[in-house]
Protein chains: 2
Amino acid sequence: MSFHGDSEVLLTPAEVASLFRVDPKTVTRWAKAGKLSSIRTLGGHRRYKESEVRALLGAASEAAEAEAAANAAAADPGKDDRQR
Amino acid sequence: MSFHGDSEVLLTPAEVASLFRVDPKTVTRWAKAGKLSSIRTLGGHRRYKESEVRALLGAASEAAEAEAAANAAAADPGKDDRQR
DNA sequence: AGTCATTGGGGTAATTGGGGGA
DNA sequence: TTTGTCCCAATTACCCCAATGA
């Protein structure tokens with residue numbers, strides 16, 4: 001069967017929790033605090049975008065990250081963004 | 001090739017399930033509960049409107065773009081969290 | 001006429017949400 | 001301040017097997 005696959009990959013709270021090595025409740029608090037975008041199922045359970053989680057996981061260089069981001073955001077078009 | 005109109009695209013339970021990252025049975029429960037409109041085949045299987053599914057997916061994705069807070073919120077006392 | 005993946009139905013564990021307290 | 005754990009209620013996931021769809 002064919003899949004018109006153009007959907008974002010979603011993660012369950014348990015998966016995000018094990019990725020960060022925290023309790024699922026903690027992930028829920030991040031979503032409540034607005035630190036994580038959450039998509040809710042029709043029953044109220046949350047699902048998280050895998051792309052966003054991975055971006056947060058890869059944000060290891062925090063200190064100078066903000067300034068570097070601002071720097072690269074407005075210059076050098078053409079050699080970044082390699083995903084999807 | 002069968003002509004697919006451009007207004008009524010129907011999705012199978014498996015497709016809706018992978019969109020929401022849930023089990024196909026869960027999608028069936030949503031249809032039973034009236035949370036999703038379902039079109040039944042002559043044999044009793046359900047089909048769902050892609051437009052409706054997409055609307056529900058985006059409905060709850062009110063992205064809280066407070067991501068910067070997570071990055072530099074640790075050094076800005078005075079104006080955060082005012083709940084509890 | 002067949003195969004084979006998917007779906008429906010029912011029932012039972014596991015996960016999740018929300019509030020509260022350590 | 002952030003996280004982990006307690007409670008309970010609701011939602012979801014996995015098990016079976018028979019019927020449908022392609």
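All chains are named by letter (A, B, ...) in the order of the sequence lines, taking the proteins before the strands, and each is independently numbered beginning at 1. Quick caveat, the model's predicted, so the values are computed rather than measured.
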Length of the line joining A/Ile39:CD1 and C/dG17:P, which is rounded to integer Å: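 Between P of C/dG17 and CD1 of A/Ile39: 14 Å.
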Pairing residues for B/Arg46 by the salt bridge (charged side-chain N to carboxylate O under 4.0 Å, His left out) criterion, not counting sequence neighbours: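 B/Arg46 satisfies salt bridge (charged side-chain N to carboxylate O under 4.0 Å, His left out) with no residue once adjacent residues are dropped.
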Residue list, salt bridge (charged side-chain N to carboxylate O under 4.0 Å, His left out) with A/Glu50, at least two apart or on another chain: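 Testing A/Glu50 for salt bridge (charged side-chain N to carboxylate O under 4.0 Å, His left out), a comparison that skips the adjacent residues, returns A/Arg54.
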Any B/Trp30 side-chain N or O less than 4.0 Å from OP1/OP2 of D/dT11: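 The answer is no; no side-chain N or O of B/Trp30 sits under 4.0 Å from OP1 or OP2.
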Pairwise side-chain contact, B/Val16 with B/Val22, heavy-atom cut-off 4.5 Å (strictly under):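 A side-chain contact under 4.5 Å is absent here.
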Side chain proximity check, B/Tyr48 to B/Leu10, heavy atoms < 4.5 angstrom: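 The answer is no, as the side chains (C-beta and beyond) never meet within the 4.5 Å cut-off.
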Residue mapping more 5' on DNA chain C - nearest nucleotide basis, A/Ala14 or A/Arg29: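 It is A/Ala14, whose closest nucleotide lies nearer the 5' terminus.
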Watson-Crick or G-U stems involving DNA chain C, each at least 3 pairs long, distances under 3.5 Å, ordered by first number: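 Listed by first number, the stems are C:3-19 with D:6-22.
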Between protein and nucleotides 19-22 of chain D, what N or O pairs are separated by less than 3.5 Å?
{"from": "D/dG21", "atom 1": "OP1", "to": "B/Thr41", "atom 2": "OG1", "distance (Å)": "2.9"}
{"from": "D/dG21", "atom 1": "OP1", "to": "B/Gly43", "atom 2": "N", "distance (Å)": "3.0"}

Base D/dT12 paired with A/Arg46 side chain (donor-acceptor, <3.5 Å):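 A donor-acceptor contact between them is absent.
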Under the side-chain hydrogen bond (donor to acceptor under 3.5 Å, both in side chains) test, residues paired with B/Thr41 that sit two or more places apart: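 Once residues adjacent in sequence are excluded, B/Thr41 has no partner under the side-chain hydrogen bond (donor to acceptor under 3.5 Å, both in side chains) criterion.
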Minimum-distance nucleotide to A/Thr12 side chain [options: C/dG9, C/dT16, C/dG17]: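 Taking heavy atoms from C-beta onward, the closest nucleotide is C/dT16.
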Distance-minimising heavy-atom pair for B/Asp23 and B/Ala17: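 The answer is C-CB, 3.8 Å.
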For B/Trp30 against A/Gly43, the heavy-atom pair lying closest together: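 Distance-wise, the nearest heavy atoms are NE1-N, 4.1 Å.
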Residues in contact with DNA chain D, drawn from residues 15-28 of chain A - heavy-atom cutoff 4.0 Å: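 Result for residues 15-28 of chain A: A/Val22, A/Asp23, A/Lys25, A/Thr26, sorted by number.
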